[in-house]
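The next block holds one structure in the form of structure tokens; read it before the comments.
Worth saying up front: this structure is predicted, and the values here are computed from it rather than measured. These values consider heavy atoms only, across backbone and side chains, with no hydrogens, waters or symmetry-generated copies.
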Amino acid sequence: MQQKIIILDFGSQTTQLIGRRVRELDTFCEILPYNKFPVGDDSVIGVILSGSPFSVHDPEAFKVDLSQFVGKVPVLGICYGSQYISYANGGKVEKTNTREYGRAHLETVDTQNPLFKGFDQHSQVWMSHGDTITAIPDGYECIASTADVKYAAFYNSSPTGGAQEGASVFAVQFHPEVFHTVQGSLLLKNFVVDICGSKQDWSAASFVDTTVAELREQIGNDRVILGLSGGVDSSVAAVLLNKAIGDRLTCIFVDHGMLRKNEFTQVMEDYKVLGLNVIGVDASKKFFGDLAGVTDPEQKRKIIGRDFIEVFNEEAKKIVNSQSSDSKCKWLAQGTIYPDRIESLNITGKVIKSHHNVGGLPKEMNLQLCEPLKWLFKDEVRRVGRQMGMPEHLITRHPFPGPGLAVRILGDITPEKVRVLQDADDIYIRGLRDYKVKLSGEEARRVLAAGVPAAMQDGEIEVSLYDQIWQAGAVLLSTVRSVGVMGDERTYENPVALRAVTSTDAMTADWAHLPYDFMAKVSNEIINKVKGVNRVCYDISSKPPSTIEWE
């Protein structure tokens with residue numbers, strides 16, 4: 001039975017980061033809504049309660065029945081999770097007039113406590129909360145404090161009076177999952193491995209072996225159709241399925257006309273090298289026709305998702321109708337990954353944005369859904385790809401939206417606007433790949449944790465700007481025109497905005513601080529070489545409050 005940590009999500013922006021940190025410890029975890037704890041699941045070895053945008057005193061605050069797991073397995077409350085543990089057990093949580101946000105240092109820490117084993121006495125942590133715990137419940141003891149937060153951490157070794165051995169409750173008001181908490185990974189390791197007893201048997205290699213065996217059992221002699229996008233997720237899913245069932249997998253790669261420059265041809269060549277059976281479909285005329293005059297971002301996404309299904313369905317029917325009696329096509333495979341599922345529907349049940357590869361399966365296709373990567377984060381998908389020997393340039397590709405450049409063009413979509421953006425984007429992305437930077441310290445740790453292959457030498461690594469950042473792309477502001485001067489003549493053309501962010505899971509992102517000389521070079525090249533553009537801007541907004549994509 002696969003051991004797992006359950007992370008109960010109370011709405012924090014960093015819940016996925018907790019999950020990624022646990023996975024980095026070679027331990028499987030599952031993120032569930034705060035009220036969906038799997039009672040009776042014997043594979044659960046520990047529970048983590050996330051932060052939340054709410055105060056425990058808010059009428060709409062999320063609350064959970066702690067008795068479902070307290071005293072049965074070890075529990076760790078983070079930020080709101082710690083405050084809720086105190087609040088629910090008779091402690092005192094008080095509203096403050098100021099928000100405690102940013103770096104802090106532990107003034108006192110009980111390094112004899114198993115949660116803080118190996119900690120430095122003045123370790124840096126990251127606070128982000130509005131309320132403060134002013135009294136902890138009976139039976140709990142303080143194990144860490146900062147200059148401003150007395151109960152930075154507390155615990156109870158026997159929370160129910162007769163709890164099974166090792167089922168302690170720990171609570172921290174800071175966020176161990178973020179990089180700014182310097183020894184946060186150590187704290188999580190102490191909890192997951194030493195306290196919960198993880199065997200640390202979750203890895204890329206074990207995932208490949210287990211998933212291939214499960215796919216063979218699940219699919220049997222049936223055939224599978226998979227919709228390729230050219231991105232990392234669907235490509236890794238295709239190689240994984242090919243490893244499991246070979247030529248009984250047929251891939252369909254639909255070109256909606258809004259891919260990056262020359263991407264359709266290049267990706268088809270890559271798939272040929274990988275030995276995949278791929279049908280390429282140029283459906284750009286249909287997509288452009290249906291998008292004509294449409295300016296609403298969500299409507300664009302829905303049209304592209306609908307058209308993709310229609311084109312895919314038409315090709316799939318050809319495959320289904322040509323199947324043999326002994327091997328029927330019964331499965332539709334998708335490269336859906338864990339963040340897609342979480343972001344498409346949050347814990348309140350509200351759709352954040354549409355993902356055309358989550359749901360929307362036409363009933364008339366009569367195919368069952370197969371999602372071999374549905375439990376993986378993006379960096380884990382890349383590790384699985386490397387484990388299977390996929391080319392590095394495919395594995396390190398930035399995430400690219402399913403609707404393509406359609407959500408990077410403000411206003412309506414035309415082939416000419418796509419041409420302009422493709423040219424500008426191509427200059428930008430090639431520039432990021434060619435420009436090398438040296439990183440050290442926290443930044444180097446972040447890049448290496450994301451799976452970028454780089455060797456540390458004298459405390460530094462050298463990577464391209466492309467590998468340093470999570471995602472980049474150009475945006476055509478086609479609803480805006482600006483005045484310029486080129487060749488002593490007045491121009492009135494569109495601006496292009498460049499976007500580059502650093503992230504670990506795309507749920508939160510910071511704008512990347514690109515070198516000025518790089519930005520100057522790329523800006524000049526775009527303006528001089530791309531007809532229709534006379535101004536280049538750089539987007540310096542982070543997520544939240546902005547999203548990574550403009551639409």
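The two residues E551 and I409 come nearest to each other via the heavy atoms OE1-O, 3.6 Å. Summarising the geometry of S234 relative to L228, their closest heavy-atom pair is O-CD2, 3.4 Å, with the distance given to 0.1 Å. When all heavy atoms of I469 and A512 are compared, the closest pair comes out as CG2-CB, 3.5 Å. Across all non-hydrogen atoms, the minimal contact from L215 to C370 is CD2-SG, 3.6 Å. Nearest approach of A316 to I225, heavy atoms of both residues: CB-CD1, 3.6 Å. Of all heavy-atom pairs spanning P401 and R408, the tightest one is CD-NH2, 3.5 Å.
A donor-acceptor contact shorter than 3.5 Å is absent between the side chain of E177 and the backbone of T15. Checked by atom type and distance alone, the side chain of T181 pairs as donor or acceptor with a backbone atom of H175 at under 3.5 Å. Formation of a donor-acceptor pair under 3.5 Å by the T336 side chain with backbone atoms of K374 is not found in this model. T265 contributes no side-chain N or O that, together with a main-chain N or O of N262, makes up a donor-acceptor pair within less than 3.5 Å. In this structure a side-chain-to-backbone donor-acceptor pair under 3.5 Å is present from H256 to G402. Side-chain atoms of W331 never come within 3.5 Å of backbone atoms of V224 as a donor-acceptor pair (strictly under, hydrogens ignored).
For the residue pair R481/Y492, the side-chain donor-acceptor check at 3.5 Å is not satisfied. A side-chain donor-acceptor contact under 3.5 Å links Q471 and E549. Of the N and O atoms on the side chains of Y34 and S50, not one donor lies less than 3.5 Å from an acceptor on the other residue.
If you take CZ on R21 and CZ on F179, they are separated by 4.0 Å, rounding to the nearest 0.5 Å. Within the model, atoms CD1 of I279 and CD of E315 stand 6.0 Å from one another, a figure rounded to the nearest 0.5 Å. If you take CG on L410 and CG on L476, they are separated by 7.5 Å, rounding to the nearest 0.5 Å. Atoms CZ and CD1, on R20 and I31 in that order, are 10.5 Å from each other to the nearest 0.5 Å. The distance from atom CZ of R397 to atom CD1 of I429, rounded to the nearest 0.5 Å, is 10.0 Å. With rounding to the nearest 0.5 Å, the separation of CD in E314 from CD1 in I319 is 11.5 Å.
The shortest distance between side-chain heavy atoms of L249 and C251 falls below 4.5 Å. Within the 4.5 Å cutoff, side-chain heavy atoms of R306 are placed close to those of D290. Between P403 and M258 the shortest side-chain heavy-atom distance does not fall below 4.5 Å. Within the 4.5 Å cutoff, the side chain of N277 has no heavy atoms near those of the D247 side chain. Looking only at side-chain heavy atoms (C-beta outward), N534 and S482 come within less than 4.5 Å of each other. Inter-residue side-chain proximity for V420 and N494 is flagged as unmet; no heavy-atom pair is nearer than 4.5 Å. Side-chain atoms of V236 and M388, non-hydrogen and from C-beta on, do get closer than 4.5 Å to each other. Side-chain atoms of I252 and F308, non-hydrogen and from C-beta on, never get closer than 4.5 Å to each other.
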W511 and D539: side chain to side chain contact (heavy atoms under 4.5 Å, CB included), yes or no, with the steps?
-> CA-CA 7 Å; W511 61 277; D539 182 348; 5.9 Å; no

Tell me, with the steps shown, if T414 and F288 meet side chain to side chain contact (heavy atoms under 4.5 Å, CB included).
-> CA-CA 7 Å; T414 67; F288 281 125; over 6 Å; no

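Here D379 does not pair with R23 in a salt bridge; the nearest charged N to carboxylate O distance is not below 4.0 Å. A salt bridge between R383 and E380 is absent, with no side-chain N of the basic residue lying under 4.0 Å from a carboxylate O of the acidic one. Using a 4.0 Å cut-off between charged side-chain N and carboxylate O, D9 and K36 make no salt bridge. Ion pairing between a basic and an acidic side chain is recognised when a charged N comes within 4.0 Å of a carboxylate O; R430 and D426 show such pairing. Under 4.0 Å is where a charged nitrogen must lie from a carboxylate oxygen, and between E416 and R419 at least one such pair does. Under a 4.0 Å N-O distance rule, the pair K417/D412 qualifies as a salt bridge. Classification of K261 and D425 as a salt-bridged pair fails, no side-chain N sitting under 4.0 Å from a carboxylate O. A salt bridge is defined here as a Lys NZ or Arg NE, NH1 or NH2 lying under 4.0 Å from an Asp or Glu carboxylate O, and E493 with R535 fails to meet this definition.
Aromatic ring centroids of F264 and F253 lie under 6.0 Å apart. Checked against a 6.0 Å centroid threshold, the rings of F28 and W375 count as neighbours.
The local environment of NZ in K286 is crowded, with over 12 non-hydrogen atoms from other residues, nucleotides or ligands closer than 6.0 Å. Counted within 6.0 Å of NZ on K272, heavy atoms from surrounding residues, nucleotides or ligands total 12 or fewer; the atom is thus considered open.
The aromatic rings of Y80 and F10 sit tilted, their planes meeting at an angle between 30° and 60°. Ring pair F518/Y435 is perpendicular by interplanar angle, where above 60° counts as perpendicular and below 30° as parallel.
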